Amino acid sequence: MVIELYDDTPLHRDNFLKLTREGYFDNQLFHRVIGDFMIQGGDPNSINAYKGEMLGLGGPGYTIPAEILPNHYHKKGAIAAARKGDPVNPKKESSGSQFYIVQGRVFNKAQLDAYVQMKKHLPFTEEQTKDYTTIGGTPHLDNEYSVFGEIVEGFNVLDSIATVPVDAYNRPIKDIKYTIEVIE
């Protein structure tokens with residue numbers, strides 16, 4: 001997959017680039033995979049983890065202030081920072097390393113309108129409506145997590161990872177290792 005990082009989320013962009021250049025992500029696993037939702041990585045504990053071990057608690061020991069912008073939303077291919085839940089993280093600070101890539105699903109206009117009517121989403125822009133009704137995504141995550149980039153090539157890789165068999169922890173039965181490199 002090839003991703004493009006957004007310039008208007010500089011804290012997340014710069015942190016992701018720093019960790020990538022340091023080799024932090026090398027040989028990590030996509031440790032959480034939920035079809036029609038997302039794939040997640042960034043846990044350093046996933047390197048050489050035992051089969052069946054629950055993952056998802058590791059990180060570099062710091063968080064990043066939220067950069068939640070309305071123009072960046074959870075369309076298919078969006079890359080966003082994972083974070084702890086609101087009760088322990090009211091400022092919505094992001095994990096220092098854990099990220100997810102949205103696979104999502106396609107919605108129809110009536111489903112999107114229902115989100116707005118139930119006050120679970122602000123009115124969708126024309127662009128959001130087009131994306132959510134054609135390529136799909138996870139609109140219920142909008143305005144809750146910092147989206148800091150998107151896939152520009154390799155949606156087929158995302159889709160193939162999102163359909164692998166997983167265990168009770170949503171960890172793929174067969175490990176899926178990855179390495180990230182910067183292309184300038």
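Computed from a prediction, not measured in an experiment: that's the story for all the values here.
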Any [X] side-chain heavy atom under 4.5 Å of [Y] side chain:
| X | Y | result |
| --- | --- | --- |
| Lys177 | Gln28 | no |
| Leu55 | Leu29 | yes |
| Ile3 | Val152 | no |
| Pro10 | Glu67 | yes |
| Leu17 | Leu5 | yes |
| Asp8 | Leu69 | yes |
| Val182 | Arg21 | yes |
| Asn15 | Tyr62 | yes |

Report, as yes or no, whether the 6.0 Å neighbourhood of atom [atom1] on [X] holds more than 12 heavy atoms from other residues, nucleotides or ligands.
| X | atom1 | answer |
| --- | --- | --- |
| Tyr169 | OH | no |
| Asn71 | CG | yes |
| Glu181 | CD | no |

May I ask you to check whether [Y] and [X] place their ring centres under 6.0 Å from each other?
| X | Y | value |
| --- | --- | --- |
| His72 | Tyr6 | yes |
| Phe25 | Phe16 | yes |
| Tyr100 | Tyr145 | yes |
| Tyr73 | Phe124 | no |

Do you reckon [X] sits in the same ILVMFWY cluster as [Y], going by side-chain contacts under 4.5 Å, direct or chained?
| X | Y | value |
| --- | --- | --- |
| Val157 | Phe155 | yes |
| Ile79 | Ile39 | yes |
| Leu11 | Val147 | no |

We want to know whether [X] and [Y] form a side-chain donor-acceptor pair, criterion being a heavy-atom distance below 3.5 angstrom.
| X | Y | answer |
| --- | --- | --- |
| Tyr178 | Asp26 | no |
| Gln98 | His31 | yes |
| Ser97 | Tyr24 | yes |
| Asn108 | Tyr132 | no |

Between the side chains of [Y] and [X], is the shortest nitrogen-to-carboxylate-oxygen separation below 4.0 Å, so that they form an ion pair?
| X | Y | result |
| --- | --- | --- |
| Asp113 | Lys109 | yes |
| Glu93 | Arg83 | no |
| Asp7 | Arg13 | yes |

[Y] backbone acceptor or donor facing [X] side chain under 3.5 Å:
| X | Y | result |
| --- | --- | --- |
| Gln103 | Asp36 | yes |
| Asn27 | Ile47 | no |
| Asp86 | Pro90 | no |
| Thr125 | Gln128 | yes |

So how far is it from [X] [atom1] to [Y] [atom2], rounded to the nearest 0.5 Å?
| X | Y | atom1 | atom2 | value |
| --- | --- | --- | --- | --- |
| His121 | Glu144 | NE2 | CD | 9.5 Å |
| Asn170 | Phe37 | CG | CZ | 9.5 Å |
| Leu158 | Glu153 | CG | CD | 14.0 Å |

What residue among Asp142, Thr138, Asn143 forms side-chain hydrogen bond (donor to acceptor under 3.5 Å, both in side chains) with His74? Asp142
Can you see which heavy atom on Val164 is nearest to which on Pro172, and at what distance? CG2-CB, 3.9 Å
Pair listing, salt bridge (charged side-chain N to carboxylate O under 4.0 Å, His left out) test, anchored in residues 114-126, at least two apart: none
Can you pull out every salt bridge (charged side-chain N to carboxylate O under 4.0 Å, His left out) where at least one residue sits in residues 43-53? Sequence neighbours excluded, please. Lys51-Asp175
